[in-house]
Amino acid sequence: VLQPFWSRGPIRGVVSDLDGVAYRGELPIASSIEAFRRWREQGVPYAFVTNNSSLSASQFAEKLSRMGVAVTRAQIFTTIDASATLLRQRWPHGGRAYVIGERPLSEAVEDAGFTIAGTGADVVVLGFDCNLTYDKLRIATRAVLGGTPVIATNPDALTPAPDGYDPCVGMTIAAISAAVPEAEIIVVGKPQPFMIEQAVALLGVAKPDAIMIGDQLATDIIAGQRAGLRSILFASDAPFNGASTTTPDGIVASLLDLVEVPVGARQS
Ligand SMILES: [Mg+2]
């Protein structure tokens with residue numbers, strides 16, 4: 001018998017996925033927006049973690065603010081920032097990088113001390129790129145054939161789109177691995193717990209007192225559990241990104257089900 005997550009104590013901090021939880025594409029999920037408003041009122045701190053590498057933390061903060069969630073860029077943890085942190089750790093003096101990805105990713109790689117280069121790269125960085133071409137794959141493959149390691153922002157094979165799902169970075173990783181099976185590929189985003197650990201440190205609450213909310217078992221739920229948080233599946237939609245044997249600590253159809261009702265307001 002599963003122990004219900006709420007029997008393990010109140011929720012003192014919230015770490016949440018973005019796409020598929022706060023919004024779907026450009027459409028805010030109204031009940032989620034309302035839940036974050038109430039958490040703010042109640043003084044329950046929250047932060048967001050996303051595998052999406054197409055926008056910077058500031059751009060995500062602007063998007064959420066437009067949708068009615070009070071948030072600053074410090075509360076957003078992206079795979080762009082996590083990848084840049086990893087680059088700085090492994091190449092403290094910078095180097096040359098070949099990037100498949102959108103502008104915010106290239107900018108973060110440059111900020112980490114790298115020159116963007118098609119040849120002689122020390123590292124290939126893979127992120128979401130809606131202008132992916134054969135030429136980009138060819139340049140990356142040539143580098144990897146020469147022994148250049150790969151840092152990939154996230155493993156998701158699919159990403160939600162307003163009218164279905166689009167291919168994501170997992171597909172690009174698969175292409176490179178198919179061409180070069182011995183490639184060294186480091187995958188940064190969820191299900192690695194790194195961003196969630198950073199987020200919960202910002203919230204300043206103990207890990208068992210915080211929850212991780214996500215719509216994907218294979219990334220959000222596993223990452224939350226690895227980080228030592230209770231992981232809640234927001235199941236408004238069928239999970240994708242492959243089958244998973246992971247069991248979430250709770251399943252809700254609305255984030256409002258997670259918001260504590262003030263004493264005295266329970267009955268009407
Ligand atoms: Mg999601």
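All ligand and atom numbering here is 1-based and tracks the order in the structure.
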Which atom name does [X] have for its N/O/S atom nearest to the Mg ion (ligand 1)?
X	value
D19	O
D215	OD1
D17	OD2

Does D220 bring an N, O or S atom to under 2.8 Å of the Mg ion (ligand 1)?
no

Verdict with reasoning, F36 to F48, per ring-ring contact (aromatic ring centres under 6.0 Å, His included): CA-CA 11 Å; F36 287 108; F48 298 91; 4.9 Å; yes

With sequence neighbours left out, the residues meeting side-chain hydrogen bond (donor to acceptor under 3.5 Å, both in side chains) with D122 are none

The single option from D220, T219, N51, T79 that satisfies side chain to side chain donor-acceptor pair (under 3.5 Å) with K190 is D220

For a quick test of your reading: what N or O donor-acceptor pairs under 3.5 Å do the side chains of residues 104-120 make, sequence neighbours left out?
none

